[in-house]
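What follows is one structure encoded as structure tokens, with my remarks underneath.
Nothing fancy with the numbering, it's 1 onward along the sequence.
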Amino acid sequence: MWFLIVFLLSISPRLIMFILFLATNYLGNAFQSVFWPIIGFIFMPWTTLWCAYVWNNGEFDLWRIIVLIICVLADTGGDSASVS
């Protein structure tokens, strides 16, 4: 059961980005080129969605930067443990 939850959490930001791309111009308003949303779709979907939200609804301030850091940690795994 846990693998289904992990799978849904990993696919959901990409699904949201795909629906936003098809149905709205939300990502186009936030990014000037197609390059960054595509790279974000592949590597950092949570961060890309958050940046699109911020650029469509205001500017970066302290709490939005904190959430941005959380999104980056979620996208990169946020795990500092190393295997030796």
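- Here the side chains of Thr48 and Met17 are in contact, with some heavy-atom distance below 4.5 Å.
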Given the rule in the side chain to side chain contact (heavy atoms under 4.5 Å, CB included) test, do Phe21 and Ile19 qualify, once you have shown the distances and angles that lead to the verdict? CA-CA 5 Å; Phe21 176 74; Ile19 292 170; over 6 Å; no

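- For Trp36, the ring-ring contact (aromatic ring centres under 6.0 Å, His included) test picks out no residue, with sequence neighbours left out.
- Residues Val54 and Trp63 fall within the same hydrophobic cluster, defined by Ile, Leu, Val, Met, Phe, Trp and Tyr side chains chained together at heavy-atom separations under 4.5 Å.
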Applying ring-ring contact (aromatic ring centres under 6.0 Å, His included), run through Trp55 and Phe60 and close with a yes or a no. CA-CA 8 Å; Trp55 286 113; Phe60 279 100; 5.5 Å; yes

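- Between the CD1 atom of Ile16 and the CH2 atom of Trp46 there is a distance of 5.5 Å, given to the nearest 0.5 Å.
- Annotation for Arg64 and Glu59: closest pair NH1-O, 3.0 Å, computed over non-hydrogen atoms.
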Criterion side chain to side chain contact (heavy atoms under 4.5 Å, CB included) on Leu20 and Asn25, from CA distance to verdict: CA-CA 7 Å; Leu20 284 174; Asn25 196 20; over 6 Å; no

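- Residues Tyr53 and Tyr26 have side chains in contact (heavy-atom distance under 4.5 Å, counting atoms from C-beta outward).
- The hydrophobic clustering, which links ILVMFWY residues whose side-chain heavy atoms are closer than 4.5 Å, places Ile66 and Leu68 apart.
- Hydrophobic clustering of Ile, Leu, Val, Met, Phe, Trp and Tyr side chains at less than 4.5 Å, counting indirect connections, keeps Ile70 apart from Val72.
- At least one donor-acceptor pair closer than 3.5 Å links the side chain of Asp75 to the backbone N or O of Thr47.
- Here CG of Leu49 is found 9.0 Å from OG of Ser12. Values are rounded to the nearest 0.5 Å.
- Placement of Leu62 and Val67 in two distinct hydrophobic clusters is found when ILVMFWY residues are connected by side-chain heavy-atom separations under 4.5 Å, directly or transitively.
- For the pair Trp50/Pro45, no side-chain contact is recorded, criterion being any heavy-atom separation below 4.5 Å from C-beta on.
- Looking only at side-chain heavy atoms (C-beta outward), Met44 and Ile39 stay at 4.5 Å or farther from each other.
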